[in-house]
Number of protein chains: 2
Amino acid sequence: MSDIAEKFERINPAPAYLQVAAAIEKEITSGRLRPGEPLGTEAALVKQFGVNRSTVREGIRMLEQAGLVQRDSSRRLTIGFPHYERLASRMTRALVLHEVTFRELWEAALVLDLGAVEQAALRATPETLAELDANIARTEAAAGDWTAVVELDTQWHGLVFKAAGNRVLQLAREPAGLLNLPATELILERVTAALPRLIDAHHRITDAIRKRDPAEARLWMKRHLHDWRRGFERIGKDLDRPIDQVYLQSTAANERRR
Amino acid sequence: MSDIAEKFERINPAPAYLQVAAAIEKEITSGRLRPGEPLGTEAALVKQFGVNRSTVREGIRMLEQAGLVQRDSSRRLTIGFPHYERLASRMTRALVLHEVTFRELWEAALVLDLGAVEQAALRATPETLAELDANIARTEAAAGDWTAVVELDTQWHGLVFKAAGNRVLQLAREPAGLLNLPATELILERVTAALPRLIDAHHRITDAIRKRDPAEARLWMKRHLHDWRRGFERIGKDLDRPIDQVYLQSTAANERRR
DNA sequence: ACCAATTTGTCCGTATGTATG
DNA sequence: TCATACATACGGACAAATTGG
């Protein structure tokens, strides 16, 4: 240790690429740059920040990954609007890596779906009700095509959250929604009573929402979810097993431009 | 259009940096690379992938942003464990950009906290109960230091979710938890009755959890949250206003090594 | 506590493919 | 069709920080 008085704090400059990312992020979150607007070319950013191309690009990659900037069809940079699906896939990945169990997923779905359906009963509009009805009709028509049924079922639950008009709940639901994917398909395949019961439940819940009866809607949603759980156990699965990596599809690979 | 028979599909290679990111991500999510393990130096990756170092670095930045790889104290790359706080800040940012209202946040918190406290009542261990008690004691001692009280209150609600033993709910709560930050401080400052009521509620809920009485726990949690809402309205705030950017702290800037 | 080797952060210059007008 | 602008990718370079003897 030196004898010189220690008057100054340590200067710890963030790496340039982080400063670039932070600066751009701040412009976006502060609202000075609005979604859809062009960010400018890499060369322009190089000029503004006075750093090298490579440095700018590293910073851009981070923002790109976060969804704050996107590249349009011509690879030009535009300000993006981080949407839920993007976050959802990350949440899903985190949950799988943390080896969350089916029970945790189911219990969370119970809490969220019951809450959402209550609010939906208070707040549903004719439009959202029509969407719910249409979905059920399509589900009835899809009998036999289990993959399609599962797809529609997931969509129906999503519509309930949409009817609830709460985007925070909607975001919270995403990971719990993945409950429905492969396991549900298995259940429908193997348990004959599953599909009619599912359709009946969707009908009753939708009607309860239409009647603005939160208690009734809640009750039937509860039965519906317990039905799923019974089906899950019926096909010989263990609720306390971690969800598998089957649920994971590479996210980085999906970032390709379309 | 040419007359040559079109036998081949278009080859659309993903950019090299994405392939790098995807390849490493796959190794991690498949479990072949486990959290904490070193990923190897940039030079090593350059060799393995046969691409330029800049390219590797761009790929790394994406994984770094996603939390799948980290840099340790010496900036070497190690496999990371995407933790919830990281996702939470991302979710928060998305919600602010989407101009979510206080009402949505409050209603989501209602659904989540009520669900969590019920499960906590079924499942709390002596350890988590002790943590809840300790938190309340500290809250009582902190009276007057509103910032500290808010911090402890947020922590207490987090403990309820921890007691519920459901990581999906825990993750879902994060954005709703930010409800408590600046607004709560204002409420405590201006509404004299707020702190004693908060402490009383925390006591009663904790006791209900201890008694394994989900209904009682739920009831008091409901009152507790309605109290917050009354306080919010009392200080003249509008529930239907979007949450502000005050809630946003730059995430990129927080990525600095500590 | 010093030195040598390694590794990261940053930069420069250049070549190539592709989208747009 | 052609020219231009731009993103992608490469190779090489050097300073600063870190590690390990």
Side-chain angles (χ1 to χ4, degrees), chain A residues 1-4 8-24 36-65 68-80 252-258, chain B residues 1-2 8-24 36-65 68-80 252-258:
Chain A
M1 233 180 292
S2 93
D3 283 338
I4 301 171
F8 302 110
E9 287 180 10
R10 159 131 208 210
I11 295 178
N12 180 15
Y17 70 90
L18 280 183
Q19 293 189 52
V20 168
I24 297 174
E37 287 179 16
L39 178 59
T41 66
E42 293 180 2
L45 293 172
V46 165
K47 249 193 185 171
Q48 290 186 57
F49 288 112
V51 298
N52 192 268
R53 261 305 272 301
S54 312
T55 307
V56 167
R57 284 171 66 85
E58 287 183 34
I60 295 291
R61 290 297 170 228
M62 303 187 57
L63 299 173
E64 224 172 319
Q65 169 71 6
L68 281 177
V69 307
Q70 300 171 336
R71 300 214 178 240
D72 63 16
S73 61
S74 70
R75 302 186 194 172
R76 280 182 174 73
L77 291 166
T78 58
I79 310 300
N254 293 340
E255 310 268 328
R256 297 163 171 238
R257 274 164 302 311
R258 315 127 258 279
Chain B
M1 232 181 291
S2 93
F8 300 110
E9 286 181 9
R10 161 119 208 219
I11 294 177
N12 181 14
Y17 70 92
L18 280 183
Q19 293 189 51
V20 168
I24 297 174
E37 286 179 16
L39 178 60
T41 66
E42 292 178 5
L45 293 172
V46 165
K47 248 193 186 171
Q48 290 185 58
F49 288 113
V51 298
N52 191 271
R53 191 152 80 98
S54 308
T55 308
V56 167
R57 283 172 64 87
E58 286 183 35
I60 294 293
R61 291 295 168 232
M62 303 191 54
L63 299 173
E64 227 174 317
Q65 174 71 8
L68 281 176
V69 305
Q70 301 170 337
R71 302 222 176 228
D72 63 18
S73 59
S74 70
R75 302 187 188 172
R76 280 183 171 71
L77 292 165
T78 58
I79 310 301
N254 293 339
E255 309 268 328
R256 296 164 169 232
R257 273 165 304 310
R258 326 118 261 270

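By convention in this document, chain letters (A, B, ...) are assigned in the order of the sequence lines, proteins followed by strands, and residues within each chain are numbered from 1.
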| Does A:Ser54 put a side-chain nitrogen or oxygen below 4.0 Å from OP1 or OP2 of D:dA9? | no
### Query
Side-chain N or O of A:Arg75 less than 4.0 angstrom from OP1 or OP2 on C:dT18?
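No, because none of the side-chain N or O atoms of A:Arg75 sits under 4.0 Å from OP1 or OP2 of C:dT18.
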Basic-acidic side-chain contact under 4.0 Å: B:Arg61, B:Glu64: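 Yes, B:Arg61 and B:Glu64 are salt-bridged.
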B:Arg71 bridged to B:Glu42 by N-O distance under 4.0 Å: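 A salt bridge is present here (some side-chain N lies under 4.0 Å from a carboxylate O).
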Whichever of B:Glu58 and B:Arg53 has the more 5' nearest nucleotide on DNA chain D, that residue is B:Glu58
Which atoms form the tightest heavy-atom contact between [X] and [Y], and what is the distance?
| X | Y | answer |
| --- | --- | --- |
| B:Arg53 | B:Val46 | CA-CG2, 3.5 Å |
| B:Val20 | B:Val51 | CG2-CG2, 4.2 Å |
| B:Ser54 | A:Ser54 | OG-OG, 4.4 Å |

Taking D:dT8, D:dA17, D:dG11 as options, the one with an atom nearest any side-chain atom of B:Asn52 is D:dG11
If each end axis of the helix from C:dC2-D:dG21 to C:dG21-D:dC2 is fitted on five C1' pair positions, the angle between them, to 10 degrees, is 20°
By the 4.0 Å heavy-atom rule, please label B:Arg76 as base, sugar-phosphate, or nothing. sugar-phosphate
Result for side-chain contact (heavy atoms from CB on, under 4.5 Å) between A:Ile60 and one of A:Leu45, A:Thr55, A:Leu68 points to A:Leu45
